[in-house]
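Scroll down for the structure; my scribbles are underneath it.
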Amino acid sequence: MTEARHRKWHKFQTKDELSVAMAKYTAHLSEKFCKEKGIFTVVLSGGGLIDWLCKLLEPPYIDSIEWSKWHVFWVDERVCAYEDPNSNYKLAMDGFLSKVGIPNKNIYAIDKHYAADGNAEHCAALYEECLRNLVRQDIIPLCPNGKYPQFDLQLLGMGPDGHMASLFPGHPQINVKDKWVTHITDSPKLPPRRITFTLPVINSALYNLMAVCDDNTEQCARSIADIFKHNNLALPAAHLTAQVETMWYLDKAAASLL
Ligand SMILES: O=C(O)[C@H](O)[C@@H](O)[C@H](O)[C@H](O)COP(=O)(O)O
């Protein structure tokens, strides 16, 4: 195992270029892991990510990726009905997953009923149970310290306040180590009820790719500068690392203060 503590980053002139690079990165790792172990575990987040992933729906990727070997998870999820426009599952299904040949049984959404009831605590506990079952079935390995599941690739986004997944600045979830999945009921980004992987799980992934586009405000650019120049650990995204590679893809605006 290589421990890559360093952040690597690339700046892209346009969101389109960032999307193309993200598709290449994902397709390359898909090929590598499908060849090496016959499956590829991919963890998605919400936000702009699904849009940026859409290059994978175009040639050459759409036909060359071994979609049937993908297993898909969410690093965080809003606790609401599947049909709710806030649902990360719905966002990914509508925009991406329904258009590729990933078997339904390999798409691991939060529990439908507790989600519709808004029961974040139960959703988190059941999602952790789901991951533990997949570890028992050898679909997800444990990382070498034996404590946390190890995913192949996580695709993450950062909010303007420096949050990643549903780990928000000034909230206690960032410190949780005794769980794989935890919950929040007062998220500053709406909707308020969410589940999220804990930081040690996020950092146990082999590859973490964080994509940040600063559409409307300079706040993301300021957070990026705070993380890259000052390693301000008050911002959850400053804690991001991975077992092999931690890659940040930034658009021109997000990288403007570096
Ligand atoms: O469910 C969520 O809200 C997300 O998973 C969240 O962590 C997101 O990734 C960031 O807020 C970035 O979102 P944008 O890409 O929309 O800026």
Side-chain angles (χ1 to χ4, degrees), residues 12 14-16 18-19 21-23 26 42-55 72-82 84-97 108-110 115 118 120 123-124 127 151 153-171 173-174 176 181-199 201-203 205 208-224 226-227 235-240 246-256:
F12 299 94
T14 63
K15 235 187 253 190
D16 202 60
L18 184 147
S19 274
M22 191 180 235
T26 306
V42 189
V43 183
L44 304 176
S45 52
L49 174 84
I50 300 299
D51 245 12
W52 309 330
L53 268 185
C54 280
K55 291 279 180 237
V72 178
F73 304 85
W74 277 266
V75 71
D76 71 333
E77 177 58 286
R78 294 101 181 263
V79 177
C80 55
Y82 284 4
D84 189 310
N86 280 313
S87 159
N88 284 343
Y89 166 77
K90 177 179 169 53
L91 181 77
M93 273 315 258
D94 292 355
F96 178 61
L97 298 174
Y108 304 94
I110 58 170
C123 284
Y127 207 66
F151 295 94
L153 171 64
Q154 281 174 146
L155 298 162
L156 301 155
M158 186 195 81
D161 59 354
H163 79 257
M164 66 173 174
S166 286
L167 302 175
F168 291 90
H171 285 256
Q173 287 77 12
I174 185 82
V176 176
V181 184
T182 189
H183 72 286
I184 178 168
T185 52
D186 59 350
S187 159
K189 180 178 178 182
L190 297 176
R193 292 164 191 273
R194 294 152 171 262
I195 68 162
T196 181
F197 283 5
T198 55
L199 184 64
V201 172
I202 294 176
N203 285 347
N208 272 323
L209 175 57
M210 167 71 89
V212 188
C213 292
D214 195 358
D215 272 340
N216 307 314
T217 70
E218 263 186 39
Q219 187 55 44
C220 271
R222 280 198 289 270
S223 291
I224 293 285
D226 226 14
I227 292 170
L235 305 186
H239 295 262
L240 181 66
T246 315
M247 180 63 82
W248 288 66
Y249 280 180
L250 310 173
D251 77 346
K252 207 165 79 179
S256 60

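We count ligands from 1, going down the list as the structure has it; atoms in each ligand are counted the same way.
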| Mind checking what residues have non-hydrogen atoms under 4.0 angstrom from ligand 1? |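 Within 4.0 Å of ligand 1, protein side: Ser45, Gly46, Gly47, Gly48, Trp52, Asp76, Arg78, Asn88, Gly157, Met158, Gly159, His163, Ala165, Lys189, Arg194.
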
| What about Phe197 and Phe151, are their ring centers closer than 6.0 Å? |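 That pair passes the under 6.0 Å test.
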
| Is the backbone of Ala221 close enough, under 3.5 Å, to the side chain of Asp214 for a donor and an acceptor to pair up by distance? | yes

| request: Kindly indicate, with the supporting measurements, whether the criterion side-chain contact (heavy atoms from CB on, under 4.5 Å) is fulfilled by Phe168 and Ile184. | output: CA-CA 10 Å; Phe168 291 90; Ile184 178 168; 3.9 Å; yes

| query | Under the side chain to side chain contact (heavy atoms under 4.5 Å, CB included) test, which residues partner Ala124, sequence neighbours left out? | reply | Val181, His183, Ile195

What donor-acceptor contacts under 3.5 angstrom involve side-chain atoms of residues 153-166, with partners at least two apart or in another chain?
residue	atom	partner	partner atom	Å
Gln154	NE2	Ile202	O	2.9
Gln154	NE2	Asn208	OD1	2.6
Asp161	OD1	His163	N	3.0
Asp161	OD1	His163	ND1	2.7
Ser166	OG	Asp76	OD2	2.7
Ser166	OG	Arg194	NH1	2.9

| field | Listed partners of Asp51 passing side-chain hydrogen bond (donor to acceptor under 3.5 Å, both in side chains), at least two apart | value | none

